[in-house]
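So the structure is just underneath, and the comments pick up after that.
Convention: sequence-line order gives letters A, B, ...; per-chain numbering from 1. Just so it is clear, the model here is predicted, and its values are computed rather than measured.
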Protein chains: 2
Amino acid sequence: MKEIFAGGGSAPAPPAPAALAAKVRTLAPSMTRSMQRVAEAVADDPAGCAALTVTGLAELTGTSEATVVRTARLLGYPGYRDLRLALAGLAAQQQSGRAPAITTDIAVDDPIADVVAKLAYDEQQTLADTAAGLDTVQLAAAVTALAGARRTDVYGVGASGLVAQDLTQKLLRIGLLAHAHSDPHLAVTNAVQLRPGDVAIAITHSGTTGDVIEPLRVAFEHGATTVAVTGRPDSPVTQYADHVLTTSTARESELRPAAMSSRTGQLLVVDCLFVGVAQRTYDAAAPALAASYEALAHRHRAARRGP
Amino acid sequence: MKEIFAGGGSAPAPPAPAALAAKVRTLAPSMTRSMQRVAEAVADDPAGCAALTVTGLAELTGTSEATVVRTARLLGYPGYRDLRLALAGLAAQQQSGRAPAITTDIAVDDPIADVVAKLAYDEQQTLADTAAGLDTVQLAAAVTALAGARRTDVYGVGASGLVAQDLTQKLLRIGLLAHAHSDPHLAVTNAVQLRPGDVAIAITHSGTTGDVIEPLRVAFEHGATTVAVTGRPDSPVTQYADHVLTTSTARESELRPAAMSSRTGQLLVVDCLFVGVAQRTYDAAAPALAASYEALAHRHRAARRGP
DNA sequence: GCCGCGCCGAAAATATCTTTCAGGGTGTGA
DNA sequence: TCACACCCTGAAAGATATTTTCGGCGCGGC
């Protein structure tokens, strides 16, 4: 984190320290075939690849040096040299730290205890990857925009719609004006009302959901500050986003649809946004939170025991 | 050239992985003045040195490249390149080792990066705790009931309402008849329709939410199989629950409302239920999942590039 | 004071990494 | 169906980084 370059234009993208496996999964879909081979080799055996030179890795993956360098660039490093360094770090972490654990997928005949263990592990992994890959500069910018917004609209459909609602509920609790839209038509008609100083947030894992992109585009063109929460930082939705917050993409499969693991990462991002805003507006947020808690008290029955 | 084979027979010592600081101290007495300066710099700030080239490190220590290489050799590495790799690994290890220090609560003035780390850590903890505390027998029973249910009603209000909707969405996707109720009146009027063989699920963290307990009670009294997903296994809601699924309760505080961490555990339970049911009804669930995926395809825009 | 020993750094030699450029494949539009 | 354009891909040239070589210089012994 203390990297030398203070540089800093728009998106310097800090070289991932240990969020590499996550980044590979996140960016893999936007890679060409050859680059995917390289990325796969790297994610598969960080230690082994760290011991290889560009030429070695190129030969191993049956590609050329140029492709290896290109892949390193795509992953956010200045060149292969730095990727190799990060790889060595990752290898060390893996060796010393946690066990590789359960790498297998969920099978149809897995006992229920295994299902629990695998799902829990997977979601933990998603959280760790998302946290590691989250661009705190973008996050801070989004928080600032939210904290000062006149109103905030959040777009999401399907599973992401629930995440949108979750964010809205939280923001309302601290006194902010927020609304979640899952109806594409209403979303667009509302987006037209937005103006500079307002905030629009689109939540979509694939980044290609037209029903969510469209209102964000409208909001963007009306001058609102736009934020995209997506698992694909190069997807269409980011075209209209001032700030992009990337969630991790975990393995998915037949019994484990994308919606399941993506949701976990999205919720973490949403929580971060919420806490960030609550910090910024603490004087107003704290009493608002207390008040909303108080207001619900009478709807709870006394517990048999306990506090 | 020598990169490939570790060569052989009488290799005196494999490159130290992390025992570098110790090695420096051990070998320091046998070093020349210049080499000591290099070794000291390396032991002092592995991360910083890993970012430097031979020339950079030589300048930093006021020595020459040759000396740096000689030092690397003395420490047991083939050359500076490999020392640097080990250094990067060491730095990564040190950094990750520092991570568990985030046991403290989120403060108002925490930098955003800390917020992300703390939230992620907390939610991971919640997942681990929930997975560990989940009664697989109860879970299996609930899955069996769900898989054979004529219809399923899920009750939840507030943040838990979103979890209820999440479960409903999933069950619908695999062809089960499910409905989420967050309106207490409608929930009760629907609960009256339930009969043996049907399933009712109540989701409430505190276990004391009257709006959720009431419909579950009605369902229970009408002979439906009832399930409670709650953080308090001894709370009122469990009175009317045939099966109780316990979620973990993480720390909460002013800036971290209960809704945030409880939701994570609830979603894990919901995911487990879903996967469990999908396993049991695989022959019907798999094509249903595929179909729902297919149905959405045309609502996605093409990504900028693809595999 | 002279000599030998070995540490030290500048510069050459080599390996490694990066960039450039042109060939080839793929999908698209006519 | 054919032609076009785009973009992936790898070979080789160009730039950096690392390693080796070699001669100077200080230090202690005689």
Looking only at side chains, do B/Thr61 and B/Thr63 share a donor and an acceptor under 3.5 Å apart?
yes
Could you state the atom-to-atom distance from CG of A/Leu85 to C1' of D/dA17 in whole Å?
13 Å
Can you name the salt bridge (charged side-chain N to carboxylate O under 4.0 Å, His left out) partners of A/Asp82, sequence neighbours left out?
none
How long is the line joining CZ of B/Arg81 and P of D/dA17, in whole Å?
11 Å
Find the distance B/Met31:CE to C/dC7:P and express it as a whole number of Å.
13 Å
In whole Å, I'd like the distance from the CD atom of B/Gln36 to the P atom of C/dC7.
12 Å
Closest of C/dC8, D/dA17, D/dT9 to the B/Val54 side chain is D/dA17
Nearest to the A/Arg33 side chain among C/dC17, D/dT9, C/dT19, which nucleotide is it?
D/dT9
Can you pull out the residues from residues 59-69 of chain B that lie within a 4.0 Å heavy-atom distance of DNA chain D?
B/Glu65, B/Ala66, B/Val69
Measure from the side-chain heavy atoms of B/Thr32 and tell me the nearest of C/dT18, C/dC7, D/dT20.
C/dC7
Tell me, do A/Thr71 and A/Gln36 make a side-chain contact under 4.5 Å, heavy atoms counted?
no
How long is the line joining CG of B/Asp82 and C1' of D/dA17, in whole Å?
14 Å
Close N or O pairs between protein and nucleotides 22-24 of chain D (under 3.5 Å):
none

Write down the distance between OH (A/Tyr80) and C1' (D/dA15), rounded to a whole number of angstrom.
19 Å
What one should report as the nearest heavy-atom pair of A/Thr246 and A/Pro233 is OG1-CB, 3.8 Å
Report the distance from atom CZ of A/Arg73 to atom C1' of C/dT19, rounded to the nearest whole Å.
8 Å
By salt bridge (charged side-chain N to carboxylate O under 4.0 Å, His left out) - contacts of A/Glu221 (at least two apart)
A/Arg217
From CA spacing to verdict: salt bridge (charged side-chain N to carboxylate O under 4.0 Å, His left out), B/Lys170, B/Asp166:
CA-CA 6 Å; B/Lys170 288 192 171 68; B/Asp166 189 276; 2.3 Å; yes
Applied to residues 46-60 of chain B, the side chain to side chain donor-acceptor pair (under 3.5 Å) test, sequence neighbours excluded, yields none
Between the CZ atom in A/Arg263 and the CG atom in A/Leu267, the distance rounded to the nearest 0.5 Å is 6.5 Å
Starting from P on D/dC8, measure out to CZ on A/Arg37 and report it in whole angstrom.
14 Å
Within residues 39-50 of chain A, find the residues that approach DNA chain D with a heavy atom at under 4.0 Å, and present them sorted by residue number.
none
Once you round to the nearest 0.5 Å, how far does CE of B/Met35 lie from CD of B/Glu40?
14.5 Å
B/Tyr77 side chain reached by B/Leu85 side chain, heavy atoms, under 4.5 Å
no
Within the 4.5 Å heavy-atom criterion, are A/Val269 and A/Leu167 side-chain neighbours or not?
no
